[in-house]
Amino acid sequence: MTQPRVAIIGAGPGGLTLASLLQRSNLEYTVFELRPKPNGPAGPSGSLDLHPDSGLLAIEACGLTPEFGRLSIDCSEDLILADKHGRVQHTDEGSGERPEVSRSDLSALLLSSVPEDKIHWEHKLVEVTPVPESGKWNLVFQSGPSQQFDLVIGADGAWSKVRARITDVQPHYSSVNCITLTIPHLSTKYPSLATLVGKGSYQACGDKKAIISQRGSQDSARIYLMLRDESESYLSTEGLTNPDRAALKDRLLTSTFADWSPILKSLVATACDEDIEPTVSSKPLYMLPVGQTWSNVPGLTLLGDAAHLMTPFAGEGVNAAMLDAVELAKCIISGIERSETPSVQKYEKDMFERANEKSEETWRNLGIIFAEDAPKTFVELMKSYGPPPE
């Protein structure tokens, strides 16, 4: 049979992993991405750890392990947990099995394995419609002609257009909000803060709040202010969406973190003053229901956040997306090798089981991190993992 036309909507880590795997098997596919094509070196970005049974497995499947090994590792596996007074409660050097990598470096690595002409940048998907009596799907974009495909994979994130054709379930507010800031040149300009947060990840929590730091490229630190509240309008109600950095800093220091330790307030103040982003990112975090499934729709499927959006409190989002891509690629390649239209039902069944387990873990961790006794239970959880095997 003629190879089916495959469309991948979204060029995040999951979509690019799938594209890389299909490329290695010389299969036809097209990636459509809303964002403009990256131009020049990326600035500081957040880091994530890749896990042996998911993210690293995907890197190996894409044939990129040697290149991954040559990436600059700007964030170590070290973890420091502290309370709101800045008192360290737990430290962990990691096992060495979950290397940290910047999100921008990971994207660049995956992009290097996908030919430029396979990705159509600045293509905003508007609608997915069935083509009568053909089994195909028509993709309508905001600009440019519509196109028809045999298999459409939604790797298009939280508000997936493809998911809307499969299920009417939508993400809901997770009860946590995030303000993201960046401090460049941390160790040279602010050595005391560099000592505080260390070379890896740092987290201080209490009062249903958390200050999280991750070291990154260009001697930077990405600072995440995580705030739990049942109201979805919490950020605006509390005056934490103010684009004026001075006003935002004042609100954070005099209200949100008023009784936190001086060194932690200094970290927040410095992040407000030094942030290199043009605007401050302040937003609620959303999630899909734990245990969500859907009935198979021939010719459509999902991976990553589009399939199982979860909060970042287990470090599973990107790893889960990359493993989705590995398993989905196997289904597609197997079907084509048998001269059949690829069936993704087995992929979806297995993915539901994996996603449910990780979503439950993430939801449990959210409750622990923002518990009344935090960081006590969180520290106990981390200590329960014990030292890595020798």
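In what follows, residues are counted from 1 in the order of the sequence shown.
- Remark: the Asn356 side chain and the His308 side chain contain no N/O donor-acceptor pair separated by less than 3.5 Å.
- Note on Lys84 versus Asp259: salt bridge recorded, some NZ/NE/NH1/NH2 to OD/OE distance being below 4.0 Å.
- Classification of Arg251 and Glu238 as a salt-bridged pair holds, one side-chain N sitting under 4.0 Å from a carboxylate O.
- Between Glu100 atom CD and Asp105 atom CG the span is 12.5 Å, to the nearest 0.5 Å.
- By the 4.0 Å N-to-carboxylate-O rule, Asp78 lies too far from Arg215 to be salt-bridged with it.
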Starting from the C-alpha separation in whole Å, work towards a yes-or-no answer on side chain to side chain contact (heavy atoms under 4.5 Å, CB included) for Leu381 and Ser384. CA-CA 5 Å; Leu381 174 65; Ser384 72; 4.1 Å; yes
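- A salt bridge does not link Lys124 with Glu33: every distance from a Lys NZ or Arg NE/NH1/NH2 to an Asp or Glu carboxylate oxygen is 4.0 Å or more.
- In this structure, Phe378 has its ring center at least 6.0 angstrom away from the ring center of Phe313.
- Between Arg354 and Glu327 no salt bridge is recorded (no basic side-chain N to carboxylate O distance below 4.0 Å).
- Two residues are said to be in side-chain contact when any heavy atoms from C-beta on lie closer than 4.5 Å; Leu125 and Leu34 fail this criterion.
- Ion pairing of Lys346 with Asp350 is present here, as a side-chain N (NZ or NE/NH1/NH2) and a carboxylate O approach within less than 4.0 Å.
- A 6.0 Å sphere centred on NE2 of His185 holds no more than 12 heavy atoms belonging to other residues, nucleotides or ligands.
- Residues Met322 and Ile59 are in side-chain contact: their nearest non-hydrogen atoms beyond the backbone lie under 4.5 Å apart.
- With salt bridges taken as basic N to acidic carboxylate O contacts below 4.0 Å, none links Glu380 and Lys383.
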Go through the steps for Gln23 and Tyr29 under the test side chain to side chain contact (heavy atoms under 4.5 Å, CB included), then give the verdict. CA-CA 8 Å; Gln23 182 66 35; Tyr29 65 92; 2.7 Å; yes
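- Remark: the Gln170 side chain and the Trp159 side chain contain no N/O donor-acceptor pair separated by less than 3.5 Å.
- Classification of Asp273 and Arg245 as a salt-bridged pair fails, no side-chain N sitting under 4.0 Å from a carboxylate O.
- In this structure, Asp150 does not pair ionically with Arg5, as no charged nitrogen and carboxylate oxygen lie closer than 4.0 Å.
- Phe32 pairs in a side chain to side chain contact (heavy atoms under 4.5 Å, CB included) with only one of the listed residues (Ile8, Leu139, Ile119), which is Leu139.
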Apply side chain to side chain contact (heavy atoms under 4.5 Å, CB included) to the pair Leu302 and Ile153, showing each step before the final yes or no. CA-CA 5 Å; Leu302 307 170; Ile153 296 134; over 6 Å; no
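- Neither side chain, Asn138 nor Gln147, offers a donor N or O lying under 3.5 Å from an acceptor on the other.
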